[in-house]
Every structure is written in structure tokens, then in C-alpha cells.
Number of protein chains: 2
Amino acid sequence: MARLAGVSRATVSYVLNNTRAVRISEPTRLRVREAAEQLGYVPHAAARSLRAGHSRTVVMPAPAFPAGPLYTRFLGELQSALGRLDYTVVQYGGAAPYGDDAARAWAELRPIAVLVPGPGLGPGGVEVLKRSGARAVVTLGPEPVEGAHALVLDQTAVGHAAARHLYERGRRRVGVVLPEEPGLRIFSSPRLRGARSALRGTGATLTELPLACAEDAAARLAARWDALALDAVFAYDDAYAMLLSRALQDHGVTLPGRTAVIGADDLMLGPLLRPRLSTVRLELPAGQDLAALVDRAVRDPGAAPERHTVRGVTVVHRESS
Amino acid sequence: MARLAGVSRATVSYVLNNTRAVRISEPTRLRVREAAEQLGYVPHAAARSLRAGHSRTVVMPAPAFPAGPLYTRFLGELQSALGRLDYTVVQYGGAAPYGDDAARAWAELRPIAVLVPGPGLGPGGVEVLKRSGARAVVTLGPEPVEGAHALVLDQTAVGHAAARHLYERGRRRVGVVLPEEPGLRIFSSPRLRGARSALRGTGATLTELPLACAEDAAARLAARWDALALDAVFAYDDAYAMLLSRALQDHGVTLPGRTAVIGADDLMLGPLLRPRLSTVRLELPAGQDLAALVDRAVRDPGAAPERHTVRGVTVVHRESS
DNA sequence: TTGAAAGCGCTACCAC
DNA sequence: GTGGTAGCGCTTTCAA
């Protein structure tokens with residue numbers, strides 16, 4: 001490459017990086033650019049970051065479960081915002097199981113920042129990452145982690161708003177769906193806690209309703225509906241709400257007449273159901289905001305971990321409640 | 001690290017990589033392991049691949065749009081299969097726009113293989129990647145790309161099966177929904193072509209129905225339904241099918257009595273609709289199979305590009321058709 | 001059985 | 001303005 005342009009490797013580096021401290025003549029620049037084009041030259045990221053002592057790579061684990069469209073959009077925004085701040089965002093996929101092993105795997109890439117949604121990172125993992133040179137570790141989920149910045153998505157607020165809404169609509173016997181999928185526990189149990197706290201001291205009752213994400217499970221639950229005598233149900237999220245609504249309607253339960261239903265996360269399908277599904281939406285921050293947090297943390301790695309709690313919720317009242 | 005264990009850096013490398021060509025005494029191994037543990041030592045992937053001249057990183061672009069659960073599961077399978085084959089899978093997210101610029105950005109990571117779903121990679125991009133040392137470039141989508149291996153998902157087969165199914169059920173005036181989202185064109189236009197070819201020469205008519213993914217757009221389309229006088233509609237996919245079904249039912253059109261509806265991609269919501277939604281599912285290969293293709297291509301980079309076409313489809317006949 | 005040293009591709013410092 | 005060169009962390013060959 002340097003040979004083809006008839007200059008030294010250093011000059012090539014100067015030209016391609018537009019190094020301003022050094023002034024290169026226009027003809028030389030041109031020759032270098034042409035040679036690069038012709039050879040299809042692409043710089044070697046590994047060599048560059050080895051030399052620089054750091055990369056501008058932000059690592060996130062690739063989501064393991066199909067995420068909702070809301071979250072997907074948030075992720076997309078976040079990535080392009082980080083891109084605009086000149087970070088390279090990389091989702092680490094593959095066999096790496098969650099836990100401190102995963103942290104070690106991420107650390108091998110020497111990322112400048114690590115962004116972990118959900119659980120799956122303990123204080124040990126944070127320590128490993130920081131020692132490997134990560135200047136910012138940000139968790140994103142229901143629980144903060146020792147030593148890391150956190151965007152805490154307060155799922156109790158979702159449960160609280162849902163239960164409160166049902167109570168205000170005059171309902172007194174409230175069921176709360178608990179998905180049996182173990183991966184959802186981290187979300188469902190704070191939602192349950194929130195619902196419980198909203199009803200505490202009101203005289204209304206709360207009934208836990210474990211439910212697998214399958215039609216027959218929903219049908220079995222619906223079959224017990226008379227015995228349960230619930231006049232309202234918070235269905236964990238809109239998908240479960242749809243599942244359960246369907247089963248209840250097939251079972252002859254009128255919605256919202258006999259039982260009010262409310263979901264969460266404002267999925268696209270809510271307004272398409274009949275009755276249109278009421279839902280609770282947690283106000284995710286804009287991707288830009290989280291990107292800005294990351295950038296701030298990178299610039300000032302010494303600062304105390306920021307902890308932002310998102311507990312703003314919107315109840316979208318449609319017809320089912 | 002080497003200092004703490006009182007050995008040379010070479011010895012450390014031997015121990016941590018279990019290099020079999022060299023025999024290290026047990027006490028030394030132990031000392032090294034302990035020091036590594038204590039320091040939280042994590043190898044430096046960039047340095048390693050710089051030295052080795054190649055990495056075992058497989059790069060894919062991060063999906064820009066919310067993907068269906070079917071595809072998400074496929075992706076997850078693929079990633080863990082590649083992980084088991086000892087590749088590191090990395091989804092490249094961020095500002096990198098599609099096109100040859102994206103290929104250059106990926107090439108900076110010097111991946112051993114690149115996997116690109118959808119369009120967004122031209123022959124030029126393939127060339128860049130190969131020159132940068134990628135031993136396998138695999139595209140995954142409706143169209144193969146010059147010079148790259150391809151898993152061709154033949155979307156025409158989906159449209160063909162849907163239209164044929166409707167025809168066999170006695171329908172003669174078939175509408176085909178075309179999403180207005182530009183990102184879906186690569187899927188919708190071959191689906192349309194397939195439907196057209198299934199009806200060619202049968203005397204049945206085909207009507208194109210452009211539709212935005214919004215309730216009011218669907219309502220407007222439903223309002224024209226009498227004039228259109230269609231007795232069947234292939235709704236592009238299950239989500240659009242749900243949207244349109246809802247609008248038609250609100251408009252008093254009985255399903256499937258007056259109009260049969262069929263979707264595609266067998267989304268989870270299909271069986272929850274009333275009538276239960278018929279759908280067409282493209283038989284994606286198992287993630288393992290694609291992982292195996294990648295591995296084969298990496299081991300034998302000289303081989304001619306493989307081109308596998310997936311055109312196996314299943315019509316899931318429920319109640320809406 | 002262990003250590004010394006070269007060199008992967010790149011950038012930054014210094015000499016010309 | 002441009003070129004020489006050291007050195008980032010690692011693996012591997014060769015010598016001790």
C-alpha cells in the first residue's frame with residue numbers, strides 16, 4: 001500500500017486519518033487516496049486499537065428472546081445515536097451464557113463501554129470489565145448493579161398503574177397474570193409487587209394467576225373463571241392479555257362487562273383486539289439520552305455511577321377496562 | 001501478570017492456551033492460573049488476532065427492523081450453533097448504512113466470515129470483504145449476490161402457495177396486500193409475483209392492494225371492499241392479515257364467508273384471531289444447517305459459492321380461508 | 001522446562 | 001513535508 005503510493009506507512013496513516021498536526025502536500029494525499037481505493041484498502045481495527053490502547057467499541061449482548069417492537073425501536077435509536085457519537089456498536093451473540101463468563105468474553109474485545117439490558121451481570125462481572133479497561137458499564141433493567149451506571153426501568157410502576165387503574169374503574173377483585181416462562185420473572189415479579197402495593201389497604205383482593213404462553217393453558221385458566229370470581233385482570237403484558245382475552249371470550253365471559261382486562265407495553269396488536277385493549281406503557285427514554293449517558297460516562301470514568309430510574313408510566317385507556 | 005507468577009510471558013501464553021506442543025510443569029501451571037485469577041486477567045482479542053493474522057469472528061449486521069419471532073428464533077439458533085463451532089458471533093449495529101460503506105466497516109473487524117440477511121450487499125461489498133480476509137461471505141434473502149454463498153429464501157413460493165390455496169378453496173377474485181413500508185418491498189414484490197404466477201391462466205383475477213400498517217389505512221381499504229368485490233385476500237403476512245381482518249369485520253364483511261383471508265409467516269397471533277387465521281410458512285432451515293454452511297465455507301474458501309434455495313412452504317389451514 | 005525475541009498493522013514521536 | 005522507528009499484547013520459533 002505504502003509501496004504502491006511510493007510513500008512511507010506513516011504518511012499513509014496521516015492521510016487516511018486526516019491528522020491535522022501534520023501537513024501533507026495535496027499531490028501526495030491524492031496518490032495515497034488513489035492507491036487505497038485501488039487496493040481496496042481497509043484499516044485493521046484490531047491493530048489500531050492495540051496501538052491506541054483502547055477501542056471505541058460499545059458492546060451489548062444480543063437479545064436472546066424476541067423483543068417487543070417498542071424495545072426494538074429503542075435499541076435501534078440507541079445504536080444510531082451511539083454511531084453518531086462515533087462509537088462502534090457491537091452486539092455480542094453466541095454461546096456465551098449470561099454471568100461472569102459472559103463478562104469475560106466481552107472483556108476480550110476491550111470495549112470502551114458495555115451496555116447490558118436485563119439481569120445477567122453481577123458485581124463481579126462489572127469488576128472484570130472495568131479492570132479490562134471498560135470506561136463505562138451501564139445496566140438497563142429492573143435492578144441496578146453495584147459499581148455500574150444504571151438505567152432502572154421500574155416495573156413496579158407498571159403494576160402499580162395497572163392495578164390502580166382497575167381499582168379506579170370500580171374493580172375490587174383483581175387477578176394478576178404471572179407468566180410461567182422463567183425468563184420473564186425479573187419483569188413479572190416487580191409488576192406483581194407494584195400491583196400489590198396499589199391495592200394494599202383498599203380492601204380489594206389480588207389473586208396470582210400463573211399462566212404459560214399457550215392456548216390450552218389459557219383455556220384451562222378461563223375454565224376456572226367462575227370459581228375465581230374476578231372482576232378484573234392485569235395480564236402482565238399485551239400478548240398475554242390477548243391470549244387470555246381470547247380464552248375468556250371463548251368461555252362466554254363478557255369483556256369488560258364481567259371482567260376488565262388491562263395489558264402492558266402497548267404492543268401494536270392492542271387496538272386491533274375487540275374490545276380494544278387497555279394497556280400501560282413505561283416511558284422508555286429516547287435512545288439519544290442513553291447514548292448521552294454512555295458518552296458522559298466514557299469521558300469521565302471516575303464519576304460516581306449514575307442511577308436513573310424510569311418510573312413514568314402512561315395508562316392507555318381503551319375499551320377493555 | 002508474567003511478573004506476578006515469576007515466569008515469562010511465553011509461559012503464560014502456553015498455560016492459558018493449553019498448548020500441547022510444550023510441556024509445562026504442574027507447579028508452574030498452577031502459579032500462572034492463580035496469578036491470572038487474582039489479576040482478573042482477560043486475554044486481548046485484538047492482539048491475539050493481530051498476531052494470528054485472522055480472528056474467528058463472524059459478523060452480521062444487526063437487524064434494523066423488528067423481526068418476527070420465527071426469524072428471531074432462527075437467528076438465536078444460528079448464533080449458538082456458531083458459538084459451539086467456536087466462532088464469536090458479533091452483530092454490527094450503529095450508523096453504518098447499508099451498501100458498500102457498510103461492507104468496509106465490517107471489513108475493519110477482519111471477520112473470518114460475514115453473514116448478511118436481506119439485501120444491502122452488492123458484488124462490490126463482497127469483493128471488499130474477501131480482499132480483507134473474510135473466508136466466507138453468505139447472504140440470506142430473496143436474491144443471491146455475485147461471489148457470495150447464498151441461502152435464497154424464495155418468497156415467490158410463499159405467494160404462490162397462498163394464491164393457490166385460495167384458488168383451490170374456490171376463490172376467483174384475489175386481492176394481494178402490498179405493504180407501503182419501503183423496507184418490506186424486497187419481500188412483498190416476490191410474494192406478489194408468486195401469487196400472480198399461481199393464478200396465471202386460471203381465469204382468476206388478482207388485485208394489488210397497497211396498504212400502510214395503520215388502522216385508518218385499513219379502514220379506508222375496507223370501505224372500498226364492496227366496490228372491489230374480492231372474495232379472497234392474501235394479506236402479505238399475519239400482522240397485516242390481522243389489521244385487515246379487523247377492519248373488514250368492523251365493516252360488516254364476514255370471514256371467511258364473503259372473503260377468505262390468508263396471512264404468512266405463522267406468527268403467534270394467528271390462532272388467537274377469530275376466525276383463526278390461515279397462514280403460509282416458509283420452512284427456514286435450522287440454524288445449525290446455516291452454521292454448518294459457514295463452517296464449510298471457512299474451511300474451504302476456494303470452493304465455488306454454494307447456493308441453497310429454500311422454497312419449501314407449509315400452508316397452515318385454519319378457519320379464515 | 002523455560003526464556004528471549006520477532007513480528008502482526010497501526011499511530012505518534014522525533015529527526016531529517 | 002516526509003520518513004524512520006518504537007511499541008501496543010500476543011503467539012511461536014528457536015536457543016538455552
Side-chain angles (χ1 to χ4, degrees), chain A residues 1-33 35-36 39-57 86 88 104-105 107-112 128 131-135, chain B residues 1-33 35-36 39-57 86 88 104-112 128 131-134:
Chain A
M1 157 84 209
R3 263 204 317 282
L4 181 72
V7 299
S8 78
R9 305 178 328 156
T11 310
V12 171
S13 175
Y14 294 142
V15 172
L16 296 181
N17 294 308
N18 279 319
T19 309
R20 315 177 85 76
V22 185
R23 309 188 61 77
I24 305 281
S25 68
E26 215 35 63
T28 309
R29 301 178 96 83
L30 222 63
R31 272 215 315 286
V32 171
R33 290 241 161 75
L39 294 176
Y41 171 84
V42 175
H44 193 305
R48 175 179 289 176
S49 66
L50 184 58
R51 166 67 222 217
H54 63 263
S55 68
R56 285 190 63 84
T57 304
D86 201 33
T88 298
R104 258 186 295 278
E108 295 196 1
L109 302 182
R110 292 297 189 277
I112 195 170
V128 167
R131 269 221 290 257
S132 80
R135 300 167 63 118
Chain B
M1 157 84 208
R3 266 203 316 281
L4 180 72
V7 298
S8 78
R9 304 174 334 149
T11 309
V12 171
S13 176
Y14 292 143
V15 172
L16 296 181
N17 293 309
N18 279 317
T19 309
R20 312 178 88 76
V22 185
R23 307 185 61 78
I24 306 280
S25 68
E26 217 34 64
T28 308
R29 302 180 96 82
L30 222 65
R31 274 214 314 285
V32 171
R33 291 240 161 75
L39 294 176
Y41 171 84
V42 175
H44 193 306
R48 177 178 290 179
S49 64
L50 184 57
R51 168 66 224 219
H54 62 264
S55 68
R56 285 190 63 84
T57 303
D86 201 34
T88 298
R104 258 186 295 276
W106 304 334
E108 296 197 1
L109 302 181
R110 293 296 188 277
I112 194 170
V128 167
R131 270 221 289 258
S132 81

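In the text below, chain A, chain B and the rest are named by the order of the sequence lines, each starting its count at 1. We use all heavy atoms of the structure for the numbers below, so side chains are in, but hydrogens, waters and symmetry mates are not. Because the structure is a prediction, the values reported are computed rather than measured.
Checking D:dG9, C:dC14, C:dC10 against the side-chain heavy atoms of B:His44 singles out D:dG9 as nearest. Checking D:dT2, D:dG9, C:dG3 against the side-chain heavy atoms of A:Ile24 singles out D:dT2 as nearest. Distances were taken from every side-chain heavy atom of B:Arg51 (C-beta onward) to each of D:dT11, C:dG9, D:dG3; the shortest belongs to D:dT11. Taking every side-chain heavy atom of A:Thr11 into account, D:dT2 is the closest of C:dT2, D:dT2, C:dG9.
Computed from coordinates, the B:Tyr14 OH to D:dT11 C1' distance equals 8 Å when rounded to whole Å. The distance from atom CG of A:Leu16 to atom P of C:dC10 is 9 Å, rounded to the nearest whole Å. A:Leu50 has its CG atom 12 Å from the P atom of C:dT11, to the nearest Å. Residue B:Glu108 contributes atom CD, which lies 10 Å from atom P of C:dC10 at whole-angstrom precision. A:Leu109 places its CG atom 16 Å from the P atom of D:dG9, with the value rounded to the nearest Å. Spacing between atom CZ of A:Arg110 and atom P of C:dC10 amounts to 20 Å, rounded to whole angstrom units.
The two residues B:Arg131 and A:Leu39 come nearest to each other via the heavy atoms NE-O, 3.1 Å.
A close approach under 4.0 Å does occur between a side-chain nitrogen or oxygen of B:Thr28 and OP1 or OP2 of C:dT2. Under 4.0 angstrom from either OP1 or OP2 of C:dC10 there lies at least one side-chain N or O belonging to A:Tyr41. Note on A:Arg9: every side-chain N or O is 4.0 Å or more away from OP1 and OP2 of D:dG4.
Looking at A:Glu26 and A:Arg29, their side chains come closer than 4.5 Å, going by heavy atoms from C-beta outward. Counting heavy atoms from C-beta on, the side chains of A:Thr11 and A:Thr28 come closer than 4.5 Å. In this structure, the side chains of A:Val42 and B:Glu108 come closer than 4.5 Å at one or more pairs of heavy atoms. Taking 4.5 Å as the limit, some side-chain heavy atom of A:Arg48 sits within range of a side-chain heavy atom of A:Asn17.
Between the two ends of the helix from C:dT1-D:dA16 to C:dC16-D:dG1, each summarised by a five-pair axis, the helix axis turns through 50° (rounded to 10 degrees).
Counting only distance, with no hydrogens or angles, the side chain of B:Arg104 and the backbone of B:Val128 share no donor-acceptor pair below 3.5 Å. Using modelled atom types, one side-chain atom of B:Arg110 and one backbone atom of A:Pro43 make a donor-acceptor pair closer than 3.5 Å.
Within the 4.0 angstrom heavy-atom criterion, only backbone atoms of the sugar-phosphate kind lie near A:Ser25; the bases stay farther away.
Residue whose closest nucleotide on DNA chain D sits further toward the 5' end, between A:Ala47 and B:Asn17: A:Ala47.
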